[in-house]
Amino acid sequence: MNIKQVKIDNLSGKNIGLYFSAPRPGSCQHFLPVLVDVYNELSPQGNFEIIFVSEEKDENAFKEYFSKMPWLAIPFSDSERREQVCNALGINVMPCLLIIDGNGAVVTRYGYHEIFLFGVEGYPFTEERLELLVRQEEESKKTQSLSSILVLKSLDFVVSNDGKKVPISELEGKTVALYFFLSSPDPFIEFTSILVEVYEKLKKRGENFDVVLVPLDKDHYEEQYKEAFQKMPWLSLPLHDRRCFKLNQYFKFMSHPMLVIIGPDGKTLNPNVAEVVKNHGVQAYPFTSERLQELAQIDKAKLEAQTLESVMVMGELDFVTSKEGTRILVSQLVGKNILLYFSAAWCGACVASMPKLIKSYHEIKAKDDSFEVIFISWDNDQASFDEFFSEMPWLALPFGDERTKLISHSFEVSCIPTAIVIGPTGKNIIKNARAPLRLPGAGAYPITEERWKEIEAIIEENAKEWLKKVKHVLGDVEHELVLTRIYSSYACRWCGKAGTAWSFHCEDCDFNLHPKCALEKDKEEKDGVEDVDADDGIDQAFEEGRTNDGEVCHKA
């Protein structure tokens with residue numbers, strides 16, 4: 001390897017990319033050829049250089065990895081300077097590409113993402129340049145075509161599961177479903193089987209329809225992706241293809257799963273029909289707004305006709321059980337306020353919230369015996385179910401009952417813990433009551449839409465005087481945390497307890513702290529938070545004579 005030294009003075013005035021990476025398999029390996037292409041196009045202009053900053057401990061591995069790079073590097077022997085640069089710039093994730101302008105100012109810390117999104121077009125990666133490209137991309141949506149979203153320079157193909165390349169041009173004029181896919185979460189397993197059935201029925205009918213998988217798996221799920229794709233009858237973008245990253249940003253992938261429909265004219269017919277496909281299968285085709293409106297009317301009529309028995313009874317399966325094994329007929333529960341509680345022993349948030357949920361249950365039952373909870377288990381085995389159910393004072397569907405899948409599907413339950421409230425008439429009151437039960441407990445009962453609106457207003461009011469941003473250090477990393485409204489459970493990284501409603505949240509690494517934990521270093525702020533704590537203080541609005549000490553509610 002021919003090593004040449006370059007004086008720092010020779011880089012003065014240039015735009016510099018500091019590339020923090022290592023020769024390990026994964027994102028670093030997949031990003032390197034993309035970055036090489038961008039560098040080779042920009043380098044002849046003479047105003048751009050990249051400096052590799054390695055964390056590698058083995059000199060031979062460093063040399064082999066650096067040999068694939070056409071740019072500069074801090075010498076392997078200068079480990080002190082490499083460590084100093086990493087620490088000074090707070091680098092804790094690799095690969096990372098910092099862009100520094102000719103005056104020495106950091107232009108962006110997110111060069112990795114911006115090169116994946118815009119390639120050489122993003123240069124010089126200033127905020128103004130990137131904002132212009134985003135505006136141009138939004139404008140281009142008006143003239144969107146299948147090629148404009150699926151073709152990127154020489155990347156003009158998709159692949160079949162036998163490795164064959166299929167030109168994008170062969171998909172022109174078809175209705176194309178873009179299936180944003182992750183190999184790990186369970187919702188994708190269930191939805192994939194539904195989509196395979198829909199796909200095969202439409203192909204058998206001769207419909208001009210196809211599916212293109214958009215894999216979003218991280219590197220350590222590569223084998224799972226390959227295994228899953230082998231069972232799929234449709235096409236896919238290659239794993240780690242730049243277009244996957246761009247489509248993720250373009251369509252703003254948020255939900256699991258997500259199925260975008262592109263019409264025969266190349267325009268987006270619908271940004272996500274996954275739930276419609278789950279509920280109606282092949283009847284959802286051709287996914288036009290008119291067809292979806294028809295299905296919405298069918299759903300509305302079904303909801304209006306809903307009863308507890310229509311939800312809970314399937315043939316001879318017309319009962320629930322107590323933990324003693326006694327069967328209780330569903331007909332005996334008609335006319336009660338029923339909470340369907342989807343949970344599992346393996347779910348940390350479920351376990352953490354259980355004591356307060358049990359407390360709420362006993363308080364509500366003391367006020368009104370026409371209230372009942374039915375546990376619908378997502379446990380993996382009978383032993384886990386039995387142990388978890390033994391802690392509960394309410395009823396359950398038996399473990400492995402086929403109604404579990406049917407009811408979960410009917411209510412579109414994709415994560416736990418989730419609670420569905422069914423009123424005395426058998427109609428849904430609140431689709432996801434996990435928040436009202438977790439927060440004010442018995443103070444929320446009877447759970448109605450009006451009651452929940454009151455609770456939401458109190459939740460918002462509680463946080464008005466809190467700081468909006470704090471810095472918090474855990475380990476060697478300082479996080480800037482933003483006060484964020486949370487609509488699901490999270491685990492506080494400081495105390496380990498479950499939290500809801502509000503979190504001080506770091507978006508970069510999904511780091512969450514309870515408001516009390518985030519503010520505890522300031523005693524005055526901490527005391528203020530304890531008085532109206534997001535997890536415990538809302539009962540005060542509903543029950544006179546109660547005060548709150550920040551952890552429990554008690555009689556004054």
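Only this structure's heavy atoms are used, side chains among them; waters, hydrogens and symmetry mates stay out.
In this structure a side-chain-to-backbone donor-acceptor pair under 3.5 Å is missing from Thr326 to Ser322. Judged purely by atom type and a 3.5 angstrom limit, Asn248 has no side-chain atom pairing as donor or acceptor with the backbone of Cys244. Checking side-chain atoms of Arg403 against main-chain N and O of Leu317 turns up a donor-acceptor pair under 3.5 Å. A donor-acceptor contact shorter than 3.5 Å links the side chain of Arg291 to the backbone of Gln283. When atom types are taken as modelled, the side chain of Glu55 and the backbone of Ala22 share no donor-acceptor pair closer than 3.5 angstrom. Formation of a donor-acceptor pair under 3.5 Å by the Thr268 side chain with backbone atoms of Pro271 is not found in this model. With hydrogens and angles disregarded, a donor-acceptor distance shorter than 3.5 Å links the side chain of Gln230 to the backbone of Asn161.
Within a 6.0 Å radius of CD in Glu402, other residues, nucleotides and ligands contribute 12 heavy atoms or fewer. Under a cut-off of 6.0 angstrom, the local environment of NZ in Lys203 is crowded, with over 12 non-hydrogen atoms contributed by other residues, nucleotides or ligands. The environment of CD in Glu309 is crowded: more than 12 heavy-atom neighbours from other residues, nucleotides or ligands sit within 6.0 Å.
Atom CD1 of Ile298 and atom CG of Asn279 lie 11.0 Å apart (nearest 0.5 Å). Between atom CD1 of residue Ile376 and atom OG1 of residue Thr404 there is a gap of 6.5 Å, rounded to the nearest 0.5 Å. A distance of 8.5 Å separates CH2 in Trp346 from CG in Asp379, rounded to the nearest 0.5 Å. How far NZ of Lys427 is from CG of Leu308: 11.0 Å, rounded to the nearest 0.5 Å. If you take NZ on Lys226 and CD on Glu223, they are separated by 4.5 Å, rounding to the nearest 0.5 Å. Rounded to the nearest 0.5 angstrom, Asp381 CG and Glu387 CD are separated by 9.5 Å.
Nearest approach of Cys350 to Tyr341, heavy atoms of both residues: O-OH, 4.0 Å. Considering every non-hydrogen atom in both Ala274 and Phe191, the closest pair reads O-CE1, 3.4 Å. The minimum heavy-atom distance between Ala344 and Ile416, with the atom names listed, is CB-CD1, 3.7 Å. Minimum interatomic distance between Thr418 and Ile420 (heavy atoms only, all atoms of both residues): CG2-CD1, 4.2 Å. Among all heavy-atom pairs drawn from Ile91 and Cys96, the shortest one is CD1-SG, 3.9 Å. Between Pro233 and Val196, the shortest heavy-atom distance links the atoms CD-CG2, 3.9 Å.
Looking at heavy atoms from C-beta onward, Leu237 lies in side-chain contact with Pro215 at the 4.5 angstrom threshold. At least one side-chain heavy atom of Phe411 sits under 4.5 Å from a side-chain heavy atom of Val311. Between Phe31 and Ser21, every side-chain heavy-atom pair lies at or beyond the 4.5 Å cut-off. Between Leu333 and Leu395, the closest side-chain pair of non-hydrogen atoms falls below 4.5 Å. Contact check for Phe375 versus Phe342: no side-chain heavy atoms found under the 4.5 Å cut-off. Between Leu269 and Ile262, every side-chain heavy-atom pair lies at or beyond the 4.5 Å cut-off. Contact of the Pro417 side chain with the Cys347 side chain is registered, since non-hydrogen atoms from C-beta on lie closer than 4.5 Å. Between Asn270 and Leu292, the closest side-chain pair of non-hydrogen atoms falls below 4.5 Å.
Aromatic rings from His240 and Phe245 are positioned such that their centres are separated by 6.0 Å or more. Aromatic ring centres of Tyr110 and Tyr112: separated by at least 6.0 Å.
Only one option out of Phe188, Tyr179, Phe181, Phe251 pairs with Met258 in a side chain to side chain contact (heavy atoms under 4.5 Å, CB included); it is Phe251.
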Can you list the steps and then say if Val260 with Asn272 is a side chain to side chain contact (heavy atoms under 4.5 Å, CB included)?
CA-CA 5 Å; Val260 177; Asn272 192 6; 5.7 Å; no

Go through the steps for Asp299 and His280 under the test side chain to side chain contact (heavy atoms under 4.5 Å, CB included), then give the verdict.
CA-CA 10 Å; Asp299 289 339; His280 297 281; 2.9 Å; yes

With side chain to side chain contact (heavy atoms under 4.5 Å, CB included) as the criterion, how do Leu339 and Phe371 come out once you've worked through the C-alpha distance, each side chain's angles and the decisive distance to 0.1 Å?
CA-CA 8 Å; Leu339 187 141; Phe371 171 73; 4.2 Å; yes

Please test Glu190 against Lys405 for salt bridge (charged side-chain N to carboxylate O under 4.0 Å, His left out), starting from the C-alpha separation and ending with a verdict.
CA-CA 10 Å; Glu190 179 187 0; Lys405 185 174 181 180; 5.3 Å; no

Run the side chain to side chain donor-acceptor pair (under 3.5 Å) test on Trp378 and Ser408 for me, step by step, so that the C-alpha distance in whole Å, both residues' side-chain angles and the decisive distance to 0.1 Å come before the verdict.
CA-CA 10 Å; Trp378 280 22; Ser408 299; 3.2 Å; yes

Let me see the working for Ile407 and Val413 under side chain to side chain contact (heavy atoms under 4.5 Å, CB included), right down to the final yes or no.
CA-CA 8 Å; Ile407 295 171; Val413 178; over 6 Å; no

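Under the 30°/60° scheme for interplanar angles, the aromatic rings of Phe287 and Tyr285 are found to stand perpendicular.
Evaluation of the salt bridge (charged side-chain N to carboxylate O under 4.0 Å, His left out) rule for Glu200 yields no partner, not counting sequence neighbours.
For Asp386 and Gln382, the side-chain atoms include at least one donor-acceptor pair closer than 3.5 Å.
Between Lys367 and Glu363, no side-chain nitrogen of the basic residue sits less than 4.0 Å from a carboxylate oxygen of the acidic one, so the salt-bridge criterion is not met.
The salt bridge (Lys or Arg N to Asp or Glu O under 4.0 Å) analysis of residues 314-338, with sequence neighbours excluded, yields no pairs.
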